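Worksheet: the structure to be examined is printed underneath.
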Amino acid sequence: MSNVKPRLPKGMRDFLPQAMIKRDYVFGVVREVFHLYGFEPLQTPVMELRETLYGKYGADAEQLIFDAQHARSDKDPYALRYDLTVPLARVVAMYENELKFPFKRYHIAPVWRGERPQRGRYREFYQCDADIVGLASMAADAELISLLVTALQRLGFTSFVVKINNRKILTGMGQYSGVSDEQLPDLYRSVDKYDKVGAEGVQKELEERGIATDVVARMMELLQTHGEGTASLDFLARVMGHIPAAAEGIAELRQMADHMRALGVPSHLVSFDYTVVRGLGYYTGPIFETVISEPNLGSISGGGRYDDLIGLFRKTSLPTTGVSLGIERIIDLMDILGLYPPHIGGTLVEVLVTVFNEATQAESARLAAELRRAGIKTELYMDDAKYKLGKQFAHADQKQIPLVAVLGDDEIAQGVVKLKRLRDGYEQSVARADAAALVRQLLL
RNA sequence: GUGGUAGUAGCUCAAUGGCAGAGUGCCUGAUUGUGGAUCAGGUGGUUGUGGGUUCGAGCCCCAUCUACCACCCCA
């Protein structure tokens, strides 16, 4: 008999119950906030036609996308989705007559990438996106910021900043400084490393990419523009307001600022920062990124406006803006920063009902049923061997179940149940009818 | 995709080319109505996998897998 060696595909993970309880909590909080802002769920297949995915990524696609072919058919080649944005664009194009615009959907689901895994970077991971399709108004972008801030606050994050920029301003800066349109992608890629390599690093890289020293110098100065509130926008307007792209971008961010104020977004949690770039790709307007500022733990969300993408699947495009929470990173940080509320622990079981012996097993089962009817998450102890109280307490302790219900001959005779809280050893007997109420009280 | 580091008990890690170990965990008992603490006893391994060198390999060589790190790119 030769067993198959249990192994996981490279870059993919199992989540045991202890981890899933925490993940579900995070997903649940985020989902609740999405609902609060009127976003509704969308689900699409994990596979798309290869041609659907390759449209957006072109040449690089081969290296990044996981193919997923049926063994007995090579027609209609498939691939695992690479993100949730392309499926959204496809859905919008396919069902536009059935959807009500602006279309506000959220999507929490796994995506797959063929990249080499590293810590915090996997081949299978969850994305968590909210997008608004069909609205050009900056009200949409501002609403996403408000949603983002609310979600992070509800998860317990306090010291973070949503850094906001606009692709049009970056384009304007490039034009003002003398960067050619062909060099813009290079420029974006280099500036994206600002956080990592600093101003000197970006400057060096830009020069290495063959952009003239005086051009780089002008660019670097503009990039580092900063100020309270909209002061930096005023400055940029004075310097490069005559450049159409810049003027447009500046006006958009002003509108966003107005909308955010009306929505009550705390001003200390947002900041205009012209070093934000967001990869390469499809962004056309406002872009944003959230960083944990204290301590400096990197980026936990990103997003922006991509008004052209849906045009991939449709004659004319639709203005669209979206936000993506880096949910895997957020889950890591929840542990690092200790943000889980106390009741999110190693188990979701609230009380273990012990079984004193064979003869009283049925009575314990009845107690478990009573507690469950009252909505209490109850585990009824089960064992193939002998019922020993010590083992049952140890079981509860190891599984981190907070309460144990003891139901021995004495308790049954008196119509009571004895509850023990393991955290501090507090013990109390209570009439059966009041057991659920006492469980709730002891859980607080 | 390129380059580097590492893989020994469930976990964390030892072991000059010469008998594979410790701590922790787990099981049993001290304690047949109570977990954690203590004590006693017990359980722990094809040294990631496959080859090679050698009288002899956890250790050296080659390949491979996996994890991690730096690029590339990205979340």
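Nothing here was measured: the structure is a model prediction, and the numbers come from that model. Letters A, B, ... are given to chains in the order of the sequence lines, protein chains preceding strands, and every chain is numbered from 1. The basis for the numbers below is simple: all heavy atoms, side chains too, and nothing from hydrogens, waters or symmetry mates.
- Pair check for B:C26 finds B:G42; Watson-Crick or G-U wobble, both atom distances under 3.5 Å.
- For the pair A:Q118 CD and B:G1 C1', the computed distance is 13 Å after rounding to whole Å.
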**Request:** Please assess A:E370 against A:R373 for the test salt bridge (charged side-chain N to carboxylate O under 4.0 Å, His left out), listing each intermediate value before the final yes or no.
**Result:** CA-CA 5 Å; A:E370 287 164 22; A:R373 268 197 293 278; 5.3 Å; no
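- Put simply, A:K386 has no side-chain N or O that comes within less than 4.0 Å of OP1 or OP2 on B:U28.
- As judged by a 4.0 angstrom heavy-atom cut-off over every strand, A:K193 is placed among residues touching the sugar-phosphate backbone only.
- A:K391 has no side-chain polar atom (N or O) that falls below the 4.0 Å cut-off from OP1 or OP2 of B:G33.
- A:T320 and A:R305 share no side-chain donor-acceptor pair at under 3.5 Å.
- Residue-level contact check: A:G425 touches the bases, meaning some heavy atom is under 4.0 Å from a base atom.
- Across all strands, A:V406 comes closer than 4.0 Å to base atoms (heavy-atom distances).
- Between the P atoms of B:A37 and B:G25, the separation comes to 7 Å (whole Å).
- Using a cut-off of 4.0 Å between Lys/Arg side-chain N and Asp/Glu carboxylate O, A:K104 and A:E143 are scored as salt-bridged.
- B:U8 sits 22 Å from B:G4 when the P atoms are compared, rounded to a whole Å.
- Formation of a donor-acceptor pair under 3.5 Å by the A:R167 side chain with backbone atoms of A:V277 is found in this model.
- Residue-level contact check: A:E328 touches neither bases nor backbone, having no heavy atom under 4.0 Å from any strand.
- Between B:G21 and B:C61, the distance separating the two P atoms is 26 Å to the nearest Å.
- Distance A:D83 CG to B:C73 P: 18 Å, rounded to the nearest Å.
- Side-chain atoms of A:Y283 and A:N166 form no donor-acceptor pair, as typed in the model, at a separation below 3.5 Å.
- Between B:C59 and B:C39, the distance separating the two P atoms is 37 Å to the nearest Å.
- Between B:G35 and B:C69, the two C1' atoms lie 42 Å apart (nearest whole Å).
- The residue A:R13 sits apart from the nucleic acid: no heavy atom pair falls under 4.0 Å.
- Across all strands shown, A:Y126 has no heavy atoms under 4.0 Å from either base or sugar-phosphate atoms.
- Taking side-chain N and O atoms only, A:K388 has no distance below 4.0 Å to OP1 or OP2 of B:U32.
- With both pairing distances under 3.5 Å, B:C55 is matched to B:G18 as a Watson-Crick or G-U wobble pair.
- Checking the phosphate oxygens (OP1, OP2) of B:G36, no side-chain nitrogen or oxygen of A:Q398 falls inside 4.0 Å.
- Positionally, the nearest nucleotide of RNA chain B for A:K418 lies more toward the 5' end than for the other of A:E115 and A:K418.
- When Watson-Crick and G-U wobble pairs are counted only if both distances are under 3.5 Å, B:G7 pairs with B:C65.
- Between the base of B:C72 and the side chain of A:R189 there is no donor-acceptor pair shorter than 3.5 Å.
- In this structure, A:F356 does not pack face-to-face on the six-membered ring of B:G33, missing the 5.5 Å centre cutoff or the 30° plane limit.
- Checking B:U31 for Watson-Crick or G-U wobble geometry (two distances, each under 3.5 Å) identifies no partner in any strand.
- When only modelled atom types and interatomic distance are considered, A:Y274 and A:S232 share a side-chain donor-acceptor pair under 3.5 Å.
- Computed from coordinates, the A:D397 CG to B:G36 P distance equals 7 Å when rounded to whole Å.
- B:A9 and B:U47 are spaced 10 Å apart, taking the C1' atom of each and rounding to whole Å.
- Per the geometry, CG belonging to A:D332 stands 15 Å off C1' belonging to B:C68, to the nearest Å.
- Protein atom CZ of A:R116 is 14 Å distant from nucleotide atom P of B:C72, rounded to whole Å.
- In the interface, the side chain of A:Q392 is not paired with the base of B:U34 through any donor and acceptor atom under 3.5 Å apart.
- For the P atoms, the distance from B:U32 to B:A15 is 44 Å, rounded to whole Å.
- Looking at which nucleotide of RNA chain B each of A:F125 and A:Y426 is closest to, the 5′-most match is held by A:Y426.
- Note that CG of A:L443 and CG of A:L403 are 4.5 Å apart. Values are rounded to the nearest 0.5 Å.
- Geometric assessment of A:R113 against the ring of A:F125 yields a negative cation-pi assignment under the 6.0 Å and 45° thresholds.
- Pairing for B:C71 is with B:G1, a Watson-Crick or G-U wobble pair whose two hydrogen-bonding atom distances lie under 3.5 Å.
- Atom CG of A:L16 is separated from atom P of B:C11 by 13 Å (rounded to the nearest Å).
- Atom pair A:M12:CE and B:U66:P shows a separation of 11 Å (rounding to whole Å applied).
- The residue A:E289 sits apart from the nucleic acid: no heavy atom pair falls under 4.0 Å.
- Across B:C73, B:A67, B:G33, the shortest atom-to-atom separation from the side chain of A:L389 is found for B:G33.
- Counting non-hydrogen atoms under 4.0 angstrom, A:G303 reaches nothing in the nucleic acid.
- When the P atom is compared between B:A57 and B:U5, the two are found 25 Å apart, to the nearest whole Å.
- With a cut-off of 3.5 Å on both Watson-Crick or G-U wobble distances, the partner of B:A37 is given as none.
- Side-chain atoms of A:E411 and base atoms of B:G33 include a donor and an acceptor less than 3.5 Å apart.
- In this structure, A:I300 places its CD1 atom 15 Å from P of B:A75, rounding to the nearest Å.
- The two residues A:L88 and A:V133 make their nearest non-hydrogen contact at CD2-CG2, 4.0 Å.
- Residue-level contact check: A:A396 touches neither bases nor backbone, having no heavy atom under 4.0 Å from any strand.
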